[in-house]
Amino acid sequence: MADLEIKLLVEHLYSLSKSPYIQILFWIVCFDIISGYIKAFKLKKFDSKTSTNGLLRHFLVMLVVTIVSLYARALNHREIGITTCLFFIMSYVGSLMENWEALGLPFPEALRPYINQMRKSQEKKFKKIIEIEIEKKEDE
């Protein structure tokens, strides 16, 4: 693997800040945070621990995308950075749609099955995580 100079990485970081993919992801993350807070207050399910974990997750997503994109760009493999960014953009668009529907705002009926499928998938993941945590505590 080639050694990358700090100066080269800084130049790529500067040019990365102008990337439309990174900018779109940044704004979608911001809208997701805002819509998540609005949803939590509307449904009276605001929890500071959940909020903190969510903000940390958003920060880590942006950090990972930035680092992957930065090194991909520096190693002349921009497609890896773009693909990573597009993956997270699509993930956040799904989250935004879910928040939009939960707020009771007008929502296209054709998209409801996809939102319900995403919600069920998330519930299954949470159940598995909870089961694993319970098993860990029982083993201790």
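Numbers for residues simply follow the sequence, beginning at 1.
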| If you look at every heavy atom in G81 and A72, which pair is closest and at what distance? | N-CB, 3.7 Å
| Tell me, do T52 and L56 make a side-chain contact under 4.5 Å, heavy atoms counted? | no
| message | Are W27 and V64 connected into the same hydrophobic cluster when the rule is that any two of I, L, V, M, F, W, Y join if their side-chain heavy atoms are below 4.5 Å apart? | response | no
| said: Quick check for you: to the nearest 0.5 Å, what is the distance between S95 atom OG and I33 atom CD1? | reply: 10.0 Å
| said: Can you give me the closest heavy-atom contact between N99 and S35, atom names plus distance? | reply: ND2-OG, 2.8 Å
| task | Would you mind reporting whether S17 and I22 have side-chain heavy atoms less than 4.5 Å apart? | result | no
| message | Rounded to the nearest 0.5 Å, what separates atom CE in M97 from atom CD in E101? | response | 9.5 Å
| said: Count I, L, V, M, F, W, Y as connected when their side-chain heavy atoms are under 4.5 Å apart, and connections chain through other members. Are Y14 and V10 then in the same cluster? | reply: no
| Could you give all pairs that pass the ring pair (Phe, Tyr, Trp, His ring centres under 6.0 Å) test and reach residues 34-53, with sequence neighbours left out? | Y37-F46, F41-F46
| query | With a 4.5 Å limit on heavy-atom distance, are the side chains of K39 and K45 in contact? | reply | no
| query | When clusters are formed by joining ILVMFWY residues with side-chain heavy atoms under 4.5 Å apart, either directly or through shared neighbours, do L13 and I67 land in the same one? | reply | yes
| said: If I compare all heavy atoms of L43 with all of A102, which pair ends up nearest, and what's the gap? | reply: CD2-O, 4.4 Å
| Nearest-0.5 Å distance that lies between atom SG in C85 and atom CD in Q23 | 10.5 Å
| remark: The reported gap from CD1 in I24 to OG in S19 (rounded to nearest 0.5 angstrom) is 8.0 Å
| query | Are L25 and L86 connected, step by step, through hydrophobic side chains (Ile, Leu, Val, Met, Phe, Trp, Tyr) whose heavy atoms are closer than 4.5 Å? | reply | yes
| When rounded to the nearest 0.5 angstrom, what distance separates CD1 in I34 from CG in L96? | 10.0 Å
| note | Here the gap from Y92 atom OH to F26 atom CZ, rounded to the nearest 0.5 Å, amounts to 12.0 Å
| Is there a chain of hydrophobic side chains (I, L, V, M, F, W, Y, each step under 4.5 Å between heavy atoms) that links I28 to M90? | no
| field | Criterion side chain to side chain donor-acceptor pair (under 3.5 Å) on Y71 and H77, from CA distance to verdict | value | CA-CA 8 Å; Y71 277 94; H77 290 287; over 6 Å; no
| For T84, what residues pass the side chain to side chain contact (heavy atoms under 4.5 Å, CB included) criterion, not counting sequence neighbours? | V65, V68, I80, F88
| message | Does Y21, at its OH atom, have more than 12 non-hydrogen atoms belonging to other residues, nucleotides or ligands within less than 6.0 Å? | response | no
| task | Write down the atom of T66, the atom of L16, and the distance for their closest heavy-atom approach. | result | O-CD2, 3.6 Å
